[in-house]
**Q** 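Take a look at this one; I'll ask things after.
A, B, ... follow the sequence lines: proteins, then strands. Residue 1 opens every chain.
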Amino acid sequence: MPELPEVETLAADLRPQLVGRTITGCEVRFRAIVRHPDPERFTAELVGRTIQAVSRRGKYLLHHLDGPPGEDTLLVVHLGMTGQWRCVKQDAPEPDHLHAVLALGDGCQLRYRDVRRFGRLLLGSEPELVAARKLPRLGPEPLDPGFTAASLYRRLHDRRAPLKALLLDQMVVAGVGNIYADESCFRAGVRPNRPANGLSRRAIGRIHAALGTLLSEAIANRGSSVDSYRDAWGEMGREQELLQVYGRGGEPCLRCGRPLSVVRLAGRTTVFCRRCQR
DNA sequence: TTAAATTCCTGTAAGC
DNA sequence: TGCTTACAGGAATTTA
């Protein structure tokens, strides 16, 4: 599923395809995919806009649109579990589960496809979307220089929830999902069910360092294709080949050989090594 | 305020 | 073989 590295890869690939292009049409086929505003206003306010920049915040893909000075209107795409967002020729064969199509003129389309329909499309400025509770107040970017071990410690030290639950909380840190939460805990040698307020500065420092190296490595490898994730060209990433615990429950730990444990934590399947993670 | 449980959704795989 | 059932999970929502 698309987490920070996957969305970062998608943003980088789409940027040269989309910047400077004008949206000339919009067809919403599955209304519930558009979360703000209603599909009619979404369509009316989108058509005629030009994409000026493409960026990422957490797991959200942001298209910055032209508009009145001082107002940063965003087309926001969240891929959920199985969302795909691609720019293709309009005569390309239509896949199933196609929920929205934006025309870009000159024969190209931006298509939103999503089998499980957990994804969403939003239109508006960031303050507007936050005020409407359509966008959460996201925590810091884990690859931002301002995100330090000390700042992560401050966010975790007084929380009783399990470490992993907080790593998944987008208000604590933005962009981490189930794959990179499990992998960072393994790399840091910390058990994901440890209450955060019982963790030493040292342990949180290891989590911070693991997040940085892991997410950077995953971006360099164009993300993990463990489910249906594909990049802007429909190609798989390579990071899934380097995952050490995610999806490997019951298999031998790559560090010590002991079978990896599987538990349910924060509603998610969680894999860890009882020997290597304390 | 915080934490945990529930809900949405469909393809896949396991079990009978 | 063919049917039923459990499972996968991001985040909004509900409950405690």
**Q** Could you pull out all residues at least two apart from A:E71 that satisfy side-chain contact (heavy atoms from CB on, under 4.5 Å)?
**A**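 A:E71 satisfies side-chain contact (heavy atoms from CB on, under 4.5 Å) with A:P68, A:T73 once adjacent residues are dropped.
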**Q** According to the ring-ring contact (aromatic ring centres under 6.0 Å, His included) rule, which pairs have a member within residues 38-84 of chain A, sequence neighbours left out?
**A**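 Counting only pairs at least two positions apart or across chains, the ring-ring contact (aromatic ring centres under 6.0 Å, His included) contacts touching residues 38-84 of chain A are A:Y60-A:H78, A:H63-A:W85.
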**Q** Report the distance from atom CD of A:E6 to atom P of C:dG9, rounded to the nearest whole Å.
**A**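 My rounded result for the distance is 14 Å.
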**Q** Looking at A:V245, is its backbone amide N or carbonyl O close enough to the side chain of A:E183 to form a donor-acceptor pair, meaning the two atoms are under 3.5 Å apart?
**A**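 Yes; at least one donor-acceptor contact below 3.5 Å.
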**Q** Show every side-chain hydrogen bond (donor to acceptor under 3.5 Å, both in side chains) that has at least one partner inside residues 118-134 of chain A, sequence neighbours left out.
**A**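 Only A:H36-A:E128 qualify under side-chain hydrogen bond (donor to acceptor under 3.5 Å, both in side chains).
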**Q** Hey, are A:R57 and A:E141 close enough for a salt bridge, meaning a charged N less than 4.0 Å from a carboxylate O?
**A**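 Looking at A:R57 and A:E141, the cut-off is met.
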**Q** Report the distance from atom CZ of A:F30 to atom P of B:dC8, rounded to the nearest whole Å.
**A**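 Nearest whole value for this atom pair: 12 Å.
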**Q** Which pairs, with at least one residue in residues 171-181 of chain A and sequence neighbours excluded, count as a side-chain hydrogen bond (donor to acceptor under 3.5 Å, both in side chains)?
**A**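 Matches after skipping sequence neighbours: A:E6-A:Y180, A:K164-A:N178, A:Y180-A:S224.
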**Q** Between the protein and nucleotides 11-15 of chain B, which nitrogen or oxygen pairs come in under 3.5 angstrom?
**A**
| unit_1 | atom_1 | unit_2 | atom_2 | d |
| --- | --- | --- | --- | --- |
| B:dG11 | OP1 | A:H97 | NE2 | 3.0 |

**Q** Using side-chain hydrogen bond (donor to acceptor under 3.5 Å, both in side chains), reason through A:R116 and A:T82 one step at a time and then give a plain yes or no.
**A** CA-CA 6 Å; A:R116 269 173 255 185; A:T82 55; 4.6 Å; no
**Q** Does this structure show an ion pair linking A:D13 with A:R222, if we count only N-O contacts that are shorter than 4.0 Å?
**A**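 Salt bridge flag = yes for A:R222 with A:D13.
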**Q** Identify the pairs formed between an N or O of the protein and an N or O of nucleotides 1-4 of chain B at a distance under 3.5 Å, and give each distance.
**A**
| unit_1 | atom_1 | unit_2 | atom_2 | d |
| --- | --- | --- | --- | --- |
| B:dA3 | OP1 | A:R160 | N | 2.7 |
| B:dA3 | OP1 | A:A161 | N | 3.0 |
| B:dA3 | OP2 | A:R159 | NE | 2.5 |
| B:dA3 | OP2 | A:R159 | NH2 | 2.5 |

**Q** I need the full list of side-chain hydrogen bond (donor to acceptor under 3.5 Å, both in side chains) pairs touching residues 190-200 of chain A, with sequence neighbours left out, sorted by first then second residue.
**A**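 Output for this query is empty, none listed.
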**Q** Tell me the interatomic distance from A:K164, atom NZ, to C:dG9, atom P, rounded to whole angstroms.
**A**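 Atom-to-atom, A:K164 to C:dG9, this comes out as 7 Å.
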**Q** Strictly below 4.0 Å, N to O, side chains only: are A:E94 and A:R113 in salt-bridge contact?
**A**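 The answer is no: the pair does not qualify as a salt bridge.
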**Q** How would you list all residue pairs meeting ring-ring contact (aromatic ring centres under 6.0 Å, His included) that involve residues 205-256 of chain A, not counting sequence neighbours?
**A**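 Qualifying pairs, neighbours excluded: A:F147-A:H208.
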**Q** What residues form a ring-ring contact (aromatic ring centres under 6.0 Å, His included) with A:H99, not counting sequence neighbours?
**A**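 A:H99 satisfies ring-ring contact (aromatic ring centres under 6.0 Å, His included) with A:F30 only.
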**Q** Side chains of residues 156-163 of chain A: which donor-acceptor pairs under 3.5 Å do they make with residues two or more places apart or in other chains?
**A**
none

**Q** Using a heavy-atom cut-off of under 4.0 Å over every strand shown, decide if A:T269 touches base, sugar-phosphate, or nothing.
**A**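 A:T269: backbone/sugar contact only, no base atoms under 4.0 Å.
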**Q** What does nucleotides 10-16 of chain C look like as a protein-contact string, B for base, S for sugar-phosphate only, - for none, at under 4.0 angstrom between heavy atoms?
**A** BBS----
**Q** Where along residues 230-249 of chain A does a heavy atom fall under 4.0 Å from DNA chain C?
**A**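 By residue number: A:Y246.
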